[in-house]
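Encoded as structure tokens, the structure appears first; notes follow it.
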There are 2 protein chains.
Amino acid sequence: MTDRDWRCEDPEQQLVWASATSEALRVLEGKWKIVIIIQLFAAKKPLRFSELERRVDGVNQKMLIQQLRQLEKDGIVTRMVYPQVPPKVEYTLTEMGIALGPSLEALIDWAFMRREALGH
Amino acid sequence: MTDRDWRCEDPEQQLVWASATSEALRVLEGKWKIVIIIQLFAAKKPLRFSELERRVDGVNQKMLIQQLRQLEKDGIVTRMVYPQVPPKVEYTLTEMGIALGPSLEALIDWAFMRREALGH
DNA sequence: TGCAATACCCACCAGAAGGTAAGTATGACG
DNA sequence: CGTCATACTTACCTTCTGGTGGGTATTGCA
């Protein structure tokens, strides 16, 4: 475990924290990734492409695939192909995807706090 | 406090969590925002425009202002203008900006975990 | 024969985001 | 009068992201 006091004075360390966080955020960026991840979290089981398509409201096939591929590349989801016809492909969260839980929870908390503070 | 178990089965709730998180992320998105926020956190004091320009490596004036204005609009930073010549403008984190702390920490933790897992 | 089901791929387009280089406003100071 | 410092603003260009509407491959089944 590294020292995590990113409010420290060391400018070098600040650069490290900043770049680490930017990197982490890049994995979550894009219009659909969070929604996909939360759907996979909520389902608690592998989801087929078509199931995701149904659950992620408003997404189209190209976008869904694109984001899934990026999430796969980033180690957040696993793609499992069943060689049958018609095709069947299942997506699951990896361990690293599951490990995102606390961050997402913290973000959710902040979002709701903010909502209340802004009076919505 | 609302129920925060976003891994629940209720599809309606999932939509709420998903949209809340997307909203929160939108506030942090953009190439420079995280770096700006972390610099303000680390400084523990108001920073002038030119100080930020120096601390946020690689940013140009237009981008820095643009992102600062968005952060201001989103209630993350405060812009304080001193009416003097040459001009002096200071930027501070709002309460809501400071409240981002735990989320950022969780993201940093995850980012470092991921780094180790990927063997960097 | 030909259609259905599933998970894609491709060409193309529009708008948003990011970036560069120059200009502006102000008043103190020499 | 001209220069300096600071915090912007503007015009313009390039790149990235999101989106639409088509097409494809495979095999079972009517």
Side-chain angles (χ1 to χ4, degrees), chain A residues 18-19 21-40 43 45-74 76-93, chain B residues 18-19 21-37 39-40 43 45-74 76-92:
Chain A
S19 84
T21 319
S22 303
E23 207 181 301
L25 266 188
R26 224 169 303 127
V27 166
L28 302 178
E29 268 173 4
K31 195 167 171 187
W32 304 103
K33 295 216 187 113
I34 289 287
V35 187
I36 294 171
I37 292 171
I38 287 189
Q39 285 300 328
L40 285 172
K45 61 165 186 176
L47 289 182
R48 298 185 59 172
F49 180 80
S50 49
E51 287 176 307
L52 278 169
E53 206 181 341
R54 245 175 284 119
R55 286 166 189 242
V56 178
D57 196 48
V59 78
N60 59 46
Q61 289 190 325
K62 184 198 139 194
M63 277 299 111
L64 184 53
I65 289 221
Q66 202 176 88
Q67 311 272 302
L68 281 170
R69 288 290 153 86
Q70 285 177 25
L71 288 172
E72 193 194 359
K73 198 160 61 73
D74 289 332
I76 312 296
V77 307
T78 312
R79 184 163 170 271
M80 176 81 183
V81 183
Y82 295 86
Q84 61 186 46
V85 169
K88 175 176 170 182
V89 180
E90 282 185 345
Y91 295 89
T92 336
L93 285 177
Chain B
S19 83
T21 319
S22 303
E23 206 182 301
L25 267 187
R26 224 169 303 126
V27 167
L28 301 178
E29 268 173 3
K31 195 166 171 187
W32 304 104
K33 294 214 188 114
I34 290 287
V35 187
I36 294 171
I37 291 171
Q39 285 301 328
L40 285 172
K45 60 164 185 178
L47 289 181
R48 300 184 58 172
F49 179 81
S50 49
E51 286 177 307
L52 279 168
E53 204 181 343
R54 245 175 284 118
R55 287 166 189 241
V56 178
D57 195 49
V59 78
N60 59 47
Q61 289 189 324
K62 184 197 138 194
M63 277 298 110
L64 184 53
I65 289 219
Q66 204 175 88
Q67 310 272 303
L68 281 170
R69 288 288 152 86
Q70 285 177 25
L71 288 172
E72 194 194 359
K73 199 160 61 71
D74 289 331
I76 311 297
V77 307
T78 311
R79 183 163 171 270
M80 176 80 184
V81 183
Y82 296 84
Q84 61 186 46
V85 170
K88 175 177 171 183
V89 180
E90 283 185 343
Y91 295 89
T92 336

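Per chain, numbering begins at 1; letters A, B, ... match sequence-line order. Keep in mind the model is a prediction, meaning the values are calculated, not measured.
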What's the shortest heavy-atom distance between B:Leu71 and B:Val27, and which atoms? CD2-O, 4.0 Å
Using atom types as modelled and distance alone, determine if a side-chain donor or acceptor of B:Lys73 lies under 3.5 Å from a backbone N or O of B:Arg69. no
Rounded to the nearest 0.5 Å, how far does CZ of B:Arg26 lie from NZ of B:Lys33? 10.5 Å
Would one find more than 12 heavy atoms of other residues, nucleotides or ligands at under 6.0 Å from atom CG of A:Asn60? yes
For atom NZ of A:Lys31 and atom C1' of D:dC16, their distance in whole Å: 15 Å
So for the helix from C:dT1-D:dA30 to C:dG30-D:dC1, with five pairs setting each end axis, what is the inter-axis angle to 10°? 40°
In whole Å, I'd like the distance from the CG atom of A:Leu52 to the C1' atom of C:dC8. 14 Å
Taken to the nearest whole Å, CZ/A:Arg54 to C1'/C:dT6 is 11 Å
For residues 77-92 of chain B, please give each side-chain donor-acceptor pair under 3.5 Å, one per line with the distance, not counting sequence neighbours.
from: B:Arg79; atom 1: NE; to: B:Tyr91; atom 2: OH; distance (Å): 3.4
from: B:Tyr82; atom 1: OH; to: B:Glu90; atom 2: OE1; distance (Å): 3.0

Shortest non-hydrogen contact from A:Glu29 toward B:Gly30: OE2-N, 3.8 Å
Nearest listed nucleotide, side chain of B:Gln67, among C:dG18, D:dG19, C:dG19: C:dG18
How close do A:Ala18 and B:Ile34 get, counting heavy atoms only, and between which atoms? O-CG2, 4.2 Å
Under 4.0 Å protein heavy-atom contact, by nucleotide of nucleotides 3-13 of chain D - B base, S sugar-phosphate only: --BBBBSBB--
Non-hydrogen atoms of B:Trp32 and B:Gln67 that approach each other most closely: N-OE1, 3.5 Å
Distance, rounded to the nearest Å, where B:Arg26 contributes CZ and C:dA17 contributes P: 11 Å
Length of the line joining A:Met63:CE and C:dG15:P, which is rounded to integer Å: 16 Å
Quickly work out the B:Gln66 CD to C:dG18 C1' distance and round it to whole Å. 8 Å
In terms of heavy-atom contacts, B:Leu25 and A:Leu25 come closest through CD2-CD2, 3.3 Å
Atom pair distance, as rounded to whole Å: CD in B:Glu29 and P in D:dC16: 17 Å
Tell me whether the OP1 or OP2 atom of C:dG19 has a side-chain N or O from B:Asn60 closer than 4.0 Å. no
Write down the distance between CG (A:Leu47) and P (C:dT6), rounded to a whole number of angstrom. 15 Å
Return no unless some side-chain N or O of A:Gln84 is found under 4.0 Å from OP1 or OP2 of C:dT6. no
